[in-house]
A.B. asks: 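Here's a structure for you.
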Amino acid sequence: MREIYLSGYNNFVLPFMLGMLFVLTWCIVGAVRIILQLPHQDRKAFFLSLVNPKIMARNIRDWFCDCLFHVKLWKRNKMLGYMHSSIAFGWFMIIVIGHIEVFLYTPERVHQIWYPIFFRYFVAVTDSTMKGSFFFFLMDFFLLMILSGIILAIIKRVRSRMFGMRRTTRASITDLIGLYSLWSIFPLRLLAEGFTADISGGSFLTKSLNWVLHSFLSDQMNMLPTWWAYSIALGVFMCILPFSRYMHIPAEILLIPLRNAGIHVSHARKGFAKLQVYSCPGCGVCIDACPMGTVKSNIKDTTVYLNRQIKRYNEKRIEEISDKCLLCGKCTAVCPVGVEGDKMRIAQRSIRKYNISPDYSNIDINQGNLSKNIFVSTSNNVVSKNKNERVIYFAGCMTALTPSISKSMTQILEKCGIDYSFMDKDGGICCGRPMWMAGRFDQAKQMIEKNTEIITKSGADILLLSCPICYKIFKERYRLEGIEILHHTEYIERLVKEGILTLEKSGSSYVFHDPCELGRGCGIYDQPRKVISGLGNLVEASQNGKESICCGGSLGSLTLGFDKRKTMTENALHNLTIADPDVIVTACPLCRSTFNRYSDRPVKDIAEIVEEQYRKRVNI
Amino acid sequence: MIYQGKKKIWSDYQKEIPDDHWYYVRSCIRQNFFPASEKMFLEICRDVLGKDIYENEHHTTCGGIAYHCDTIPQETAMTIVARQFALMTEAGYKNYVASCITSFGNYSEILETWREFPELETKIREMLWKACRKEFNKPEYLAHSSDLIYKFRNEIAEKARFHLINKDTGEPLRVVEHIGCHYSKMFPSKGVGGAEYPYVLTGMVESWGGNVIDYPERRHCCGYGFRQYHVKANRGYSIANTHKKFESMEPYKPDMIITNCPGCPYFLDRWQYVIAEMEGKTYGQNGYGIPVFTYEEVAGLVLGYDPWDLGLQLHQVAVEPLLDKIGIEYDPASKYLGTNRKDIMRPELPANLKCH
Amino acid sequence: MNVFGFKISPSSAIDMDKVDRARFEELCRVEPDAVRCMACGSCSATCPASAFSGMSIRKVLLMLQRGKEKDAFRMMRNCMLCGKCTMVCPRGINTRHLILSICRIYDDKEGKQ
Amino acid sequence: MKEIIVIIGGGIAGLEAASQLLKLGYSPIIVEKSDHLGGHVSRWNKLFPDMTPAQDLLSELIMSSKDANIFLNTAISSMNRLKDSYNIMLSNGISIITKYILITTGFRLFDASKKEEYGYGVYDQVITNADLEHWFNNGNDGRIDNSQMNAIGFVHCVGSRDEKARNTQCSKVCCITAIKQAIELKERFPDAQIYCFYMDLRLFGKKFEDFYIKAQKDFGIHFIRGRVSEVSENIEGKVIVKAEDTLAGKPIKVTLDLLVLMSGMVCNPDSTRTAGMMALPIDSDGFLKSSDNVFHITSSPKQGIYYAGACTGPKTVPETLAEARSAVLEIHSHIIGKE
């Protein structure tokens with residue numbers, strides 16, 4: 001390989017260099033700002049994580065899997081996965097190999113950062129070079145890979161359904177500029193390299209193109225404009241990058257180590273939240289995932305649009321979007337980069353200014369029935385064996401509206417001979433989760449304190465909950481030393497496993513609806529299924545587990561009116577009844593009453609079906 | 001306001017008032033509050049109208065205040081009333097005239113109760129007999145003394161020396177009439193003009209040249225309300241009611257208030273001083289209050305009696321501005337001279353309410 | 001100086017003529033359903049906070065419309081935003097957001113933290 | 001021979017009955033005391049819940065019953081029973097012999113001035129529901145200031161469910177009428193605050209609840225639960241209304257530019273008079289007493305005498321029309337049965 005130009009420079013590199021300098025400065029300044037905005041402990045944790053080999057290994061894995069291979073998208077849809085990873089990985093490889101070539105052939109040019117990018121312009125092929133035809137091949141191969149990805153991307157613009165996406169994001173103007181400049185980079189590179197392939201060498205793609213071009217174009221002067229165009233496309237792309245969704249490319253690189261360092265959203269707009277916003281690739285996977293999408297007007301209220309509005313500081317829309325959300329967490333579950341749509345929204349809610357603040361200091365927990373927890377010993381009614389643990393049962397506010405759940409649960413406890421106390425039988429203090437979801441953390445914390453005091457005083461070993469909404473906050477925010485916190489699905493499963501509660505299979509078929517807060521919120525998926533499988537035939541919904549569809553009754557949404565939720569519930573019911581189960585089983589009082597309103601078949605809580613079946617058996 | 005509409009209602013509520021031969025019973029408290037009023041009533045009946053009116057020194061309270069304060073049961077009040085009726089029967093009268101509105105209401109209530117529950121009347125007759133060996137006939141007619149003045153209002157007007165007219169402008173005086181609650185609120189048909197627009201005082205004012213003003217709180221209690229005033233802790237409530245009435249009548253700039261109840265003129269008069277002390281607010285012109293009169297006092301004034309003989313020096317709110325307005329002559333020097341021309345001493349003047 | 005030992009009792013009556021509607025109207029712009037309340041009382045019957053502060057969103061709404069804002073704020077003191085009232089409201093009023101909107105639009109100067 | 005059926009009262013019940021009888025081939029005679037047909041509906045503007053113009057309904061009814069024999073300005077002078085028929089003497093000297101009489105004498109509006117505390121006929125700004133409809137019709141009422149209206153009140157149950165007014169029955173239509181009129185007034189005076197003072201809202205009919213919600217949400221009409229205790233006039237001639245807001249547990253007071261009293265339905269004295277002639281029973285609510293109140297609401301205890309409409313109790317327009325048809329069918333089956 002020999003150099004054609006002594007200077008190793010041509011003016012056409014300027015657009016690229018401009019763009020490169022701009023985007024590098026932008027990203028470095030941005031990264032420094034974000035790290036500075038982190039709370040002190042978070043920043044410390046981040047730096048410590050960087051020297052922790054385990055976390056670093058995870059970071060590297062995530063960088064490759066998430067940023068380059070888009071593993072999550074592959075899992076969702078092969079076409080979608082290929083489209084994204086071909087462009088990302090292909091580009092990455094071209095850059096890497098480009099640099100290898102420079103190292104190999106013109107090591108003195110390493111410091112000229114444009115050199116690897118426009119390598120083929122500056123060099124001419126020599127005989128010895130052909131040893132490197134392997135790299136020529138790789139370069140053409142990855143270029144082809146990218147081009148195939150771009151063709152798919154163009155098809156996706158028109159027919160997103162082929163990629164498993166019913167709906168896709170409406171691009172903003174900067175997104176469009178970014179998109180078109182990105183699309184044009186690689187065909188232009190191909191064209192430019194095609195023109196120079198006879199001089200600089202190439203492989204199957206560039207050489208063939210060169211042959212085609214020379215068959216009807218003889219003027220070598222066509223060469224320079226195409227290199228200019230290539231450079232301009234790169235320059236434009238890099239200049240528009242910070243203002244378009246392609247900002248996710250650099251942002252995600254920082255997001256991954258921060259997430260792996262265990263950092264959470266602590267401020268609505270700064271630090272980690274800001275990084276999440278910029279990490280959003282605008283792919284629109286969250287649009288289809290959103291349960292509100294059944295109503296077309298809600299599409300603009302999905303996470304991708306929240307991120308866009310936060311970038312634009314459109315406070316009115318930010319408020320609308322963050323208040324409307326059901327906080328089901330599905331967008332978080334499906335997001336390929338891990339933007340936490342639900343937490344982001346709670347954070348937005350938390351910065352509202354209120355002129356009236358509730359205050360619970362007047363609530364005396366020693367008064368009335370609040371903390372009179374007497375554990376009823378039912379050991380004389382032992383079914384199998386008496387466990388030596390005391391259970392405090394907190395049914396929750398919502399369960400008070402579906403008393404069949406708490407009744408079934410207490411019956412089960414009694415039948416199993418468990419010492420238990422029904423903490424909020426005559427009403428209690430809310431767990432604080434609804435207040436937390438509204439972003440009023442101080443108020444929620446007051447409730448947490450009160451309940452903590454009551455529960456700690458009771459001397460219980462296990463806190464049993466029937467409502468996943470309570471369960472989530474008890475798990476996440478309560479500090480109950482020495483007390484195990486269990487949702488009744490877990491507890492029933494445990495009783496079955498320990499042989500205290502026996503189940504018998506019946507002929508009925510059941511589908512289990514994963515409540516948002518229990519499944520995505522706390523990761524409880526298997527226990528209820530195990531229990532149901534013991535009771536009858538468990539069938540699955542079309543979308544289940546992590547991708548279960550919110551019932552529409554969620555307390556998470558502040559603004560969605562009752563009338564606006566009906567289609568969501570119906571859609572969720574449709575999803576559940578694909579396999580035509582006899583009974584819809586759930587484990588959340590709110591899901592139960594929401595489904596019950598519109599369901600054509602019985603909707604039961606898991607405790608109910610366990611108790612019912614048990615009762616039938618005993619009566620026979 | 002549609003005057004014809006009111007007239008129609010007045011025509012629906014006309015009661016029979018006996019012409020002559022009245023048995024008169026006094027009020028417990030009026031003689032202390034407005035000592036000349038009852039005397040003036042008797043004088044007008046006897047001397048001006050030439051009627052036969054009889055009173056008996058043996059009659060007692062009707063028990064009304066105690067009854068309304070829940071300190072005696074109704075049977076006790078009924079027995080007291082039965083004794084009054086027995087005195088009337090013994091005196092040979094059939095037309096019972098009460099000076100007090102609460103008594104009038106009490107009598108009306110008891111007579112109605114007996115009508116509805118005759119066994120109760122029998123029981124009361126037995127109790128009266130046991131208590132003092134007396135028997136009684138129920139009165140043929142029951143009237144309040146203001147009913148009589150109302151009935152003869154036009155005769156009084158014919159003999160009047162003064163009219164309720166501003167002598168400088170020739171305009172009728174703006175008069176607030178205040179009816180005691182127990183006059184017709186319990187039994188609208190027992191009062192002249194009914195309960196909604198009682199005509200008894202309005203009739204007098206109209207005959208004597210004044211103009212009655214109809215202000216929003218005209219129906220409201222004066223604030224006495226027995227238990228409200230008698231218990232000190234409740235006095236804030238008592239005065240709040242009076243305050244409400246004055247606030248409501250204030251925009252109409254009334255020249256005077258005429259009442260037919262023992263408590264009302266007292267509270268409407270005295271509370272004006274208290275309100276002035278508490279709030280610094282006065283309701284009359286130039287820092288004065290609105291003078292409050294009993295109907296007998298007003299009748300006496302139009303008939304030309306000396307204001308001081310009518311006991312007007314005992315009012316809290318100065319009456320002189322009104323006397324000047326009507327053109328009634330009076331001797332300021334003899335205001336605080338008793339009937340025996342001896343000085344009865346001057347009261348201490350309040351801070352905020354102008355009282356001469 | 002008051003030498004009487006009592007004062008004119010303040011009126012407990014609601015004077016609609018003196019009610020300043022501006023803020024309630026502002027609230028209605030955000031929560032048009034607020035006026036759909038038919039005073040059934042389901043909300044207060046189910047409210048866990050009513051045991052502590054007599055919270056009743058029905059009464060709160062009424063008091064705000066009657067100019068008795070302080071009474072309303074006092075009741076709202078213990079609202080835990082649990083959402084039971086929203087669940088039971090037969091008229092489908094989004095009481096949770098309504099409560100939050102009241103907390104934003106009105107200003108409880110005395111109870112401010 | 002065509003059977004003659006005498007219909008006493010030319011309101012909507014009488015007209016609808018006549019038109020149905022004509023269709024069945026009978027010869028109805030309408031005897032109407034006043035100089036026009038249509039009774040109360042003829043003075044009404046729009047009918048709930050569809051806001052149908054009352055005039056449309058009426059002209060249709062008059063059109064379809066025009067072939068009946070109609071005596072206007074005619075009262076019943078006397079009635080007496082012959083062997084199996086009735087002899088009716090009219091005030092115009094005509095006498096009719098008929099086997100079938102349909103009484104459709106309707107109701108009379110409660111005289112609002114009897115509720116003295118509300119000041120109808122005393123205060124300038126107090127009108128009744130009928131006055132308001134009249135104003136809707138011709139826009140002419142000295143008591144209503146077209147230019148300025150800040151606050152308007154409606155008092156429900158005036159003379160209904162009120163022992164003191166000697167009417168314990170519910171007049172059934174006033175709640176919905178008040179809501180209808182409140183909406184209509186709000187449309188004309190969008191800036192006015194409108195208050196409905198009610199004891200109970202008795203909105204039972206089809207679409208009535210929607211109407212109520214619409215009044216609350218779209219028109220911002222204030223519903224105050226509490227019966228107005230008294231009305232006064234202030235120095236500006238406005239009316240001050242006092243009530244207890246029973247939901248707030250506090251007395252309430254408001255100054256209004258106009259107060260509309262929802263006068264209830266009471267029995268028409270003409271019904272009572274007509275009933276007296278034939279010794280027909282009167283119910284405890286003052287209305288005519290049907291054979292029974294479930295199965296034979298259009299039948300009187302006397303053979304050949306039938307009732308339709310509000311003469312037996314307060315009714316809505318559709319109920320009245322349905323009852324007229326029902327009574328016609330009863331008469332028809334009776335005639336057929338005899339043949």
Side-chain angles (χ1 to χ4, degrees), chain C residues 9-45 50 54-76 89-95 97-98, chain D residues 150-153 175 179 182-183 186 190-203 208-226 228-230 232 234-236 238-257 259:
Chain C
S9 306
S11 171
S12 65
I14 297 162
D15 187 348
M16 290 303 283
D17 303 338
K18 289 185 182 145
V19 173
D20 177 11
R21 292 174 209 282
R23 273 196 290 188
F24 193 77
E25 278 166 11
E26 195 184 335
L27 181 68
C28 281
R29 277 194 289 279
V30 187
E31 306 284 345
D33 281 344
V35 289
R36 285 173 50 131
C37 173
M38 56 175 175
C40 69
S42 306
C43 48
S44 22
S50 70
M55 167 64 180
S56 159
I57 184 66
R58 165 187 86 74
K59 274 194 205 160
V60 167
L61 267 180
L62 188 69
M63 291 308 173
L64 295 180
Q65 289 179 77
R66 302 285 185 263
K68 303 269 175 193
E69 297 176 359
K70 271 188 197 153
D71 292 349
F73 302 154
R74 204 175 308 126
M75 278 189 268
M76 288 175 68
C89 179
R91 280 279 175 90
I93 301 171
N94 185 353
T95 46
H97 195 248
L98 176 66
Chain D
N150 294 320
I152 300 166
C175 282
I179 290 175
I183 289 176
K186 184 79 180 181
D191 297 331
Q193 299 294 332
I194 299 191
Y195 305 89
C196 284
F197 292 90
Y198 68 95
M199 308 198 278
D200 282 325
L201 279 177
R202 299 189 149 200
L203 302 160
F208 289 11
E209 182 71 2
D210 296 352
F211 229 64
Y212 173 34
I213 296 176
K214 195 166 99 174
Q216 285 180 303
K217 198 181 166 191
D218 301 341
F219 293 91
I221 289 157
H222 309 282
F223 289 88
I224 299 176
R225 189 184 182 280
V228 169
S229 64
E230 58 186 46
S232 324
N234 74 5
I235 197 160
E236 296 160 329
K238 292 183 177 184
V239 281
I240 299 173
V241 164
K242 281 189 189 175
E244 185 197 343
D245 186 338
T246 57
L247 296 173
K250 287 189 163 72
I252 191 166
K253 181 190 126 203
V254 62
T255 308
L256 303 170
D257 296 302
L259 184 67

A.B. asks: Report yes if the side chains of C/Met38 and D/Glu209 come closer than 4.5 Å at any heavy-atom pair, otherwise no.
C.D. replies: yes

A.B. asks: Side chain, backbone, both or neither: which part of C/Cys37 has an atom under 4.5 Å from a heavy atom of chain D?
C.D. replies: backbone

A.B. asks: In terms of heavy-atom proximity below 4.5 Å to chain C, should D/Gln193 be classed as side chain, backbone, both, or neither?
C.D. replies: side chain

A.B. asks: What's the shortest heavy-atom distance between D/Gln216 and C/Arg36, and which atoms?
C.D. replies: OE1-O, 3.3 Å

A.B. asks: Under 4.5 Å heavy-atom distance to chain C, tell me which part of D/Ile224 shows up: side chain, backbone, both or neither.
C.D. replies: both

A.B. asks: If you round to the nearest 0.5 Å, how far is CG of C/Asp33 from CD1 of D/Ile213?
C.D. replies: 9.5 Å

A.B. asks: Where on C/Lys18 is there a heavy atom nearer than 4.5 Å to chain D: the side chain, the backbone, both, or neither?
C.D. replies: neither

A.B. asks: Kindly compute the distance separating OG (C/Ser56) from CG (D/Leu247), expressed to the nearest 0.5 Å.
C.D. replies: 10.0 Å

A.B. asks: Say you draw a straight line from CD of C/Gln65 to CG of D/Asp245; how long is it, rounded to the nearest 0.5 Å?
C.D. replies: 9.5 Å

A.B. asks: Any donor and acceptor pair, going by atom type alone, linking the side chain of C/Asp17 with main-chain N or O of D/Val254 inside 3.5 Å?
C.D. replies: no

A.B. asks: Rounded to the nearest 0.5 Å, how far apart are CD1 of C/Ile14 and NZ of D/Lys250?
C.D. replies: 6.5 Å

A.B. asks: Against chain C, work out which of D/Ile221, D/Asp218, D/Asn150, D/Thr255 has the most heavy-atom pairs shorter than 4.5 Å and name it.
C.D. replies: D/Thr255

A.B. asks: Answer with side chain, backbone, both or neither: which region of D/Phe223 has an atom nearer than 4.5 Å to a non-hydrogen atom of chain C?
C.D. replies: backbone

A.B. asks: Name the region of C/Arg66, side chain, backbone, both or neither, that has any atom closer than 4.5 Å to a heavy atom of chain D.
C.D. replies: side chain

A.B. asks: To the nearest 0.5 angstrom, please state how far the NZ atom of D/Lys253 sits from the OG atom of C/Ser11.
C.D. replies: 8.5 Å

